[in-house]
Q: 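First the structure, then my questions, so here it is.
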Amino acid sequence: MLRKLYDWTMGLAAHRHASGWLFGISFIESSFFPIPPDVLMIPMVLARRARAWAIAAIATLGSVLGALLGYWIGAALMDSVGQWVLTLYGKEAAYDHLAQQFASYGGWAVLFAALTPFPFKVITIFSGAVGMSLPLFILTTIIGRAARFFIVAGLLWRFGPPIRDFIEKRLGLVFTVFMVCLIGGFVALRYL
């Protein structure tokens, strides 16, 4: 089953509309969607290594624009949509405590979440809800997301064939590690 899913994803990554899908996934992941764009970005770079930098730029642009939607959700829709998203991720009770912490460390929180598997959409919504400086939010989002996507693209561009061979030979292990990181981000969110 994993092999079929992997082959399907690699086929999708090489499709002529893959860039549009990557942009869309990157956009919605920064504001409400739980699956990170790496799921599509990594196979896209492996399938077309010569386009690694363009792929990273597409993911970055989509993610930064999506982060602005998350910020707006927090600023304008916190009582409705924002609360729903926070409830979905189990953070509604911790809002006041997190808002106080965020006032002191907001820029660092955005940078940390932008670089890691931590659910970025929670931070984008908090940023808007607590009124974080929009220029600081945009700057840290651009730095963090660009660093994340360009480092991944650079590593895949440089070491693509051995990484692809490793993934294909150890697909079960790679899938397990990916799921642990993804779920670990959500678990870490519960304990903040």
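Along the sequence shown, residues carry numbers from 1. Only heavy atoms go into these numbers, but all of them, side chains included; no hydrogens, no water, no symmetry mates.
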Q: Between atom CD1 of I151 and atom CG of L156, what is the distance when rounded to the nearest 0.5 Å?
A: 12.0 Å
Q: How close do A59 and M41 get, heavy atom to heavy atom, and via which atoms?
A: CB-SD, 4.0 Å
Q: Take I58 and S26 through the side-chain contact (heavy atoms from CB on, under 4.5 Å) test and state the conclusion after the steps.
A: CA-CA 8 Å; I58 290 166; S26 298; 6.0 Å; no
Q: R145 side chain to V64 main-chain N or O, any donor-acceptor pair under 3.5 Å?
A: no
Q: Between S63 and S30, do the side chains contain an N or O donor and an N or O acceptor separated by less than 3.5 Å?
A: yes
Q: Atom CG of L69 and atom CD1 of I28: how far apart are they, to the nearest 0.5 Å?
A: 10.5 Å
Q: Would you say L68 and F137 make side-chain contact, with heavy atoms under 4.5 Å?
A: yes
Q: Would you call I125 and M78 a side-chain contact if the rule is heavy atoms closer than 4.5 Å?
A: yes
Q: Check the orientation of W53 and W157. Use parallel for under 30°, tilted for 30 to 60°, and perpendicular for over 60°.
A: tilted
Q: Report yes if the side chains of L22 and M44 come closer than 4.5 Å at any heavy-atom pair, otherwise no.
A: yes
Q: For F120 and V110, run side-chain contact (heavy atoms from CB on, under 4.5 Å): C-alpha distance rounded to whole Å, both residues' side-chain angles, the deciding distance at 0.1 Å, then the answer.
A: CA-CA 8 Å; F120 188 50; V110 171; 4.2 Å; yes
Q: What pair of heavy atoms forms the shortest contact from A52 to A153, and how long is it?
A: O-CB, 3.5 Å
Q: Answer yes or no: is there a side-chain heavy-atom contact under 4.5 Å between T60 and R148?
A: no
Q: If you compare all heavy atoms of L115 against all heavy atoms of A147, which two are closest, and at what distance to 0.1 Å?
A: CD2-CB, 3.6 Å
Q: I need the L77 CG to W72 CH2 distance, nearest 0.5 Å.
A: 4.0 Å
Q: Let me check something: do L111 and F150 share a hydrophobic cluster, defined by ILVMFWY side-chain heavy atoms less than 4.5 Å apart, either directly or through other members?
A: no
Q: Is the NZ or CZ atom of R49 both under 6.0 Å from the centre of the six-membered ring of F159 and within 45° of that ring's axis?
A: no
Q: Does some side-chain heavy atom of F149 sit less than 4.5 Å from a side-chain heavy atom of V152?
A: no
Q: For I138, does its backbone N or O pair with a side-chain atom of Y71 as donor and acceptor, under 3.5 Å?
A: no
Q: Please examine the side chains of I123 and F112, heavy atoms only from C-beta on, and report whether any two atoms are closer than 4.5 Å.
A: no
Q: If I compare all heavy atoms of A18 with all of L40, which pair ends up nearest, and what's the gap?
A: O-CD2, 4.0 Å
